[in-house]
Amino acid sequence: IAGDGSTVLSVYYDRNLYTATFDGVEYQVYYGASLPTVEPAAQTGKEFVEWTPAVPEAMPAENLVFTSTWADAVYKLTYIINGTEETYEYAAGATVTPIADPVVPGMTFIKWNKTVPTVMPAEDVIVVAEFEAAVYKVTFIGGDGRIFDEKAVQYGDTIVLPASKP
């Protein structure tokens with residue numbers, strides 16, 4: 001080694017290579033290097049929460065195994081009744097408790113525009129109530145107690161008196 005500082009020393013080494021396993025898929029990562037960003041395979045009806053244990057910023061001097069953690073995804077079942085929404089949340093695969101047939105004054109409930117699921121699918125569902133105006137029977141009774149006319153009148157329509165009276 002020269003006293004004037006002209007000597008150059010070079011050190012060569014091989015960095016150790018370790019394995020990072022994410023849900024069974026192995027990645028080779030050098031010590032101190034950043035770990036790969038891994039997206040787990042999608043699971044129907046589930047939402048990815050995190051890797052367990054937490055993924056470090058750099059690869060330590062050991063092999064690592066990570067397991068994906070999942071939570072049930074929540075989906076919405078929305079009933080639209082005469083312009084008003086009622087929304088309920090269910091996990092995919094959960095049993096759906098349908099609401100009672102809706103009651104709207106002056107209207108008769110006919111059906112939902114599509115079938116209300118009995119088991120919640122892995123998607124939001126919107127069902128719309130279909131109504132028709134209720135029809136009422138109007139009976140005109142004369143002073144003698146006898147019926148002299150009858151009419152079917154739709155809710156909200158004006159009742160027109162009969163032209164002839166008893």
Side-chain angles (χ1 to χ4, degrees), residues 19-27 29 34-59 63-166:
T19 302
T21 305
F22 292 83
D23 281 347
V25 179
E26 294 182 353
Y27 298 86
V29 183
S34 296
L35 278 87
T37 301
V38 178
E39 291 293 324
Q43 293 186 19
T44 301
K46 302 285 186 180
E47 291 180 353
F48 174 69
V49 176
E50 65 185 356
W51 289 107
T52 303
V55 179
E57 289 185 30
M59 188 68 185
N63 294 327
L64 298 173
V65 176
F66 302 99
T67 303
S68 57
T69 304
W70 297 85
D72 288 337
V74 176
Y75 297 97
K76 294 178 182 178
L77 171 56
T78 302
Y79 296 90
I80 299 178
I81 303 165
N82 204 29
T84 302
E85 293 185 5
E86 290 184 29
T87 300
Y88 300 86
E89 293 184 345
Y90 294 94
T95 300
V96 172
T97 304
I99 64 171
D101 289 348
V103 176
V104 174
M107 304 296 278
T108 301
F109 173 73
I110 303 300
K111 64 177 183 158
W112 296 106
N113 69 326
K114 59 184 166 184
T115 303
V116 176
T118 55
V119 175
M120 191 66 188
E123 63 184 5
D124 292 337
V125 176
I126 298 173
V127 293
V128 180
E130 294 180 0
F131 294 93
E132 64 182 14
V135 176
Y136 299 95
K137 179 178 162 182
V138 178
T139 304
F140 297 92
I141 303 173
D144 61 359
R146 291 186 188 178
I147 297 172
F148 70 91
D149 197 2
E150 291 183 335
K151 294 186 180 201
V153 179
Q154 221 175 18
Y155 178 82
D157 286 355
T158 301
I159 299 173
V160 178
L161 295 174
S164 63
K165 297 181 184 173

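Remember, it's a predicted structure, so these values are computed and weren't measured experimentally. By convention here, the first residue in the shown sequence is residue 1. Any value given below was found using the heavy atoms of this structure, including those in side chains, with hydrogens, waters and symmetry copies removed.
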Kindly check if the number of other-residue, nucleotide or ligand heavy atoms within 6.0 Å of NZ (Lys76) is above 12? no
Do you know the tightest heavy-atom contact between Trp70 and Ala42? CH2-CA, 4.3 Å
Audit row: Glu47, Val74, side-chain contact (heavy atoms from CB on, under 4.5 Å) steps and yes/no: CA-CA 9 Å; Glu47 291 180 353; Val74 176; 5.9 Å; no
Please examine the side chains of Phe48 and Gln43, heavy atoms only from C-beta on, and report whether any two atoms are closer than 4.5 Å. no
Side chains of Val38 and Val25: does their closest heavy-atom pair fall under 4.5 Å? no
Applying side chain to side chain contact (heavy atoms under 4.5 Å, CB included) between Leu64 and each of Val29, Val55, Thr21, Leu35, report the one that passes. Leu35
For the atom pair CD (Glu89) and OG1 (Thr78), what is the distance rounded to the nearest 0.5 Å? 9.0 Å
Closest non-hydrogen atom pair between Phe131 and Asn82, with its separation: CE1-N, 4.1 Å
Between atom CD of Glu150 and atom CZ of Phe140, what is the distance when rounded to the nearest 0.5 Å? 10.0 Å
At their closest point, which heavy atom of Pro102 faces which heavy atom of Ile81, and how far apart are they? CB-CG2, 3.6 Å
To the nearest 0.5 Å, what is the distance between CD on Glu132 and CD1 on Ile110? 3.5 Å
Could you measure the distance from the CD1 atom of Ile141 to the CZ atom of Arg146? Nearest 0.5 Å is fine. 12.5 Å
Side chain to side chain donor-acceptor pair (under 3.5 Å) pairs touching residues 92-119, sequence neighbours excluded, are none
Give me the atom names and distance for the closest heavy-atom approach of Met107 to Ala133. SD-CA, 3.8 Å
Check: Ile126 and Asp124 side chains under 4.5 Å, non-hydrogen atoms: no
Return the orientation label for the Phe66 and Phe22 ring planes: parallel under 30°, perpendicular over 60°, tilted otherwise. parallel
Where do Tyr155 and Pro105 come nearest, in terms of heavy atoms and distance? CE2-O, 3.9 Å
Exam field: side chain Lys151 to backbone Val160, donor-acceptor pair closer than 3.5 Å: yes
Check whether any side-chain heavy atom of Tyr75 lies under 4.5 Å from a side-chain heavy atom of Leu77, and answer yes or no. no
Val125 and Pro117: which non-hydrogen atoms are nearest, and at how many Å? CG1-CD, 4.2 Å
Any Lys46 side-chain heavy atom under 4.5 Å of Asp72 side chain: yes
Treating Asp23 as the side-chain partner and Ser68 as the backbone partner, does any N or O pair qualify as donor plus acceptor under 3.5 Å? yes
